Protein chains: 2
Amino acid sequence: MTQPAPRPNLAISAYRQLKRDIIRGVYAPGEKLLMSRLKARYDLGVGPVREALSQLVGEHLVTAVSQRGYRVAAMSEQELNDIYDARAHLEGLMLELAIARGGDEWEADILAKLHTLAKVVEVHNADEMLDVWDARHKAFHHAIVAGCQSPHLLRVRESLFDQAERYRHLWLCETVFSEAALEAKRREHAALVDAILARDSERACERMREHLMTPVPIIREALVARGIV
Amino acid sequence: MTQPAPRPNLAISAYRQLKRDIIRGVYAPGEKLLMSRLKARYDLGVGPVREALSQLVGEHLVTAVSQRGYRVAAMSEQELNDIYDARAHLEGLMLELAIARGGDEWEADILAKLHTLAKVVEVHNADEMLDVWDARHKAFHHAIVAGCQSPHLLRVRESLFDQAERYRHLWLCETVFSEAALEAKRREHAALVDAILARDSERACERMREHLMTPVPIIREALVARGIV
DNA sequence: GAATAAAAAAATATCTACATTTTTTTATTA
DNA sequence: TAATAAAAAAATGTAGATATTTTTTTATTC
């Protein structure tokens with residue numbers, strides 16, 4: 001049924017690599033993205049690179065000034081606060097809708113993803129640990145909000161998520177390798193799922209908003225420690 | 001203080017024209033956007049056109065399939081419902097935050113924009129009437145949600161707005177030229193502002209959600225009438 | 001003869017290399 | 001030092017070459 005994914009063109013792979021590198025912090029916030037450097041790094045012509053940059057401008061990960069090229073979007077404590085605040089409120093809203101609209105398989109899917117997340121232990125390699133935990137954590141949160149059944153709200157959430165990714169990455173590094181932090185997260189998730197399954201909208205949304213805001217102070221410190229702000 | 005707007009390059013003006021044409025319905029939903037036609041229509045080379053299309057893909061107004069070019073994003077009754085539902089809930093949330101966070105000048109600005117909107121009468125030309133009323137109507141609604149003071153929520157709202165524009169344009173044509181419809185809108189706006197100034201969050205949000213959903217049946221009919229769905 | 005499959009042709013999308021314009025840097029002069 | 005001019009670097013744009021998809025034509029099978 002599904003179309004066999006067409007072989008991506010160079011612009012698409014340039015887009016993926018560039019986005020990944022920006023999120024991972026390969027380029028510093030505000031850094032100028034020289035066409036010549038990008039061409040060399042990804043071994044592509046200017047066309048594909050330019051198209052990739054155009055799309056990233058649309059996602060606000062890159063800024064452009066006509067005739068003066070492109071830069072990685074800046075990071076700031078102010079933006080950190082605003083993104084996380086916006087996300088917390090948006091996901092609170094989506095959870096409220098999900099509790100009103102979600103059915104049995106919605107609940108079941110949340111439990112399934114919670115279980116999978118709790119089982120991330122057998123991994124040894126540090127990088128792999130980070131990737132696996134992050135992927136499952138994302139899947140868990142996605143399962144919760146997916147219950148709102150609105151493709152457009154889900155899309156809007158994803159765009160906020162993408163913009164938060166650079167900040168989230170700092171938090172992940174602090175969290176994934178601390179057993180205490182992971183345990184705290186486990187407890188928050190359990191309490192959240194508890195309220196959701198009880199269909200207690202008020203309590204669930206409050207816990208969701210709190211849960212989403214906990215990384216902020218940690219990230220703020222990491223930003224300072226790395227001299228980003 | 002403000003930078004003198006740099007002269008836009010061809011990609012930027014291609015982007016603006018293309019976006020405008022898509023919103024205004026120059027291209028049918030789902031229509032293939034031939035590179036050769038676009039080049040001819042806007043009198044540009046492939047480079048700038050491709051960059052503009054890439055950005056529109058990021059805004060979900062255009063879809064792309066690798067090696068098979070670009071198409072105008074489809075329109076459907078389902079999407080109409082979802083966009084308006086998502087917007088109603090999002091703007092309800094933003095209004096709630098605005099009532100909690102907005103100060104005196106927020107209230108004053110809403111009143112100012114309401115007044116300006118009420119004064120759209122001296123225009124005779126039909127097209128100009130539509131443009132002026134729409135611009136002031138937008139300004140009014142923007143003034144309301146701006147009180148939430150979150151740049152990211154405002155940006156997310158704008159992206160939903162852009163995606164709704166094609167549907168909104170159908171509604172505008174039905175509304176702006178009907179004195180009865182305009183009068184109904186005037187009353188809804190007055191009731192909304194009333195609840196906002198009373199800082200009655202619950203009532204204001206309810207009225208906002210209702211107000212934002214009223215166009216849906218009208219647009220649905222217009223979609224059918226024009227054979228779009 | 002109708003339906004299917006294979007091959008060729010046309011249309012289209014994509015990419016690169018080069019030319020042009022603009023901005024930034026460096027050097028020069030008052 | 002400030003202003004100007006020259007040089008270098010960078011961004012932008014165009015045209016043509018290449019690769020892919022779609023359509024048309026031709027051949028084959030039932």
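None of the values given here were measured: they were computed from a predicted structure. Chain naming here is simple, since letters A, B, ... match the order of the sequence lines and numbering starts at 1 in each.
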Practice task
Return the value, rounded to whole Å, for the distance between atom CG of B:Leu10 and atom P of D:dA11.
Solution key: 17 Å

Practice task
Mind checking salt bridge (charged side-chain N to carboxylate O under 4.0 Å, His left out) for B:Glu107 and listing every partner two or more places apart, or none if nothing turns up?
Solution key: B:Arg199

Fill in the blank from the handout: Regarding the side chain of B:Gln67, the nearest nucleotide among D:dA11, D:dT14, D:dT21 is D:dT21

Handout entry: Within residues 37-46 of chain B: residues closer than 4.0 Å to DNA chain C (heavy atoms)
Key = B:Val46

Fill in the blank from the handout: Atom OH of A:Tyr70 and atom P of D:dA11 are separated, to the nearest Å, by 10 Å

Practice task
Just grab all the ring pair (Phe, Tyr, Trp, His ring centres under 6.0 Å) pairs involving residues 134-160 of chain B, residues at least two apart or on different chains.
Solution key: B:Trp133-B:His137, B:His137-B:His141, B:His137-B:Trp171, B:His137-B:His189, B:Phe140-B:His189, B:His141-B:His189, B:His141-B:His211

List, one per line, each side-chain donor-acceptor pair under 3.5 Å for residues 37-49 of chain B, sequence neighbours excluded.
residue	atom	partner	partner atom	Å
B:Arg37	NH1	B:Glu31	OE2	3.1
B:Arg41	NE	B:Asp21	OD2	3.4
B:Arg41	NE	B:Tyr27	OH	3.4
B:Arg41	NH2	B:Asp21	OD2	3.1
B:Tyr42	OH	B:Asp21	OD2	2.6
B:Tyr42	OH	B:Tyr27	OH	2.8

Practice task
Could you walk me through whether B:Leu90 and B:Met94 pass side-chain contact (heavy atoms from CB on, under 4.5 Å), step by step?
Solution key: CA-CA 6 Å; B:Leu90 180 69; B:Met94 291 172 81; 4.0 Å; yes

Handout entry: Atom-pair distance (CE on B:Met35; P on D:dA19), nearest Å
Key = 19 Å

Practice task
Let me see the working for B:Arg101 and B:Trp106 under side-chain contact (heavy atoms from CB on, under 4.5 Å), right down to the final yes or no.
Solution key: CA-CA 9 Å; B:Arg101 297 174 182 179; B:Trp106 171 59; over 6 Å; no

Exercise for the section: Take the protein atom CZ of B:Arg50 and the nucleotide atom P of C:dT12, then report the distance between them rounded to whole Å. Expected result: 15 Å

Practice task
Measure from CD on B:Glu51 to P on C:dT14 and round the result to the nearest Å.
Solution key: 14 Å

Problem - More than 12 heavy atoms from other groups under 6.0 Å of CZ on B:Arg20 - result: no

Problem - Check: A:Ser66 and B:Ile12 side chains under 4.5 Å, non-hydrogen atoms - result: yes

Fill in the blank from the handout: Atom OH of B:Tyr15 and atom C1' of D:dG13 are separated, to the nearest Å, by 21 Å

Practice task
Could you list all the salt bridge (Lys or Arg N to Asp or Glu O under 4.0 Å) pairs where at least one residue sits in residues 139-163 of chain A, not counting sequence neighbours?
Solution key: A:Lys19-A:Asp162, A:Glu91-A:Arg157

Handout entry: D:dT20 phosphate, OP1 or OP2, under 4.0 Å from B:Arg68 side-chain N/O
Key = no

Handout entry: Basic-acidic side-chain contact under 4.0 Å: A:Arg24, A:Asp131
Key = yes

I'd like a table of atom pairs between the protein and nucleotides 9-11 of chain C - only N or O on both sides, under 3.5 Å - with the distance next to each one.
none

Handout entry: A:Lys32 vs D:dA10: side-chain N/O to OP1/OP2 distance below 4.0 Å
Key = no

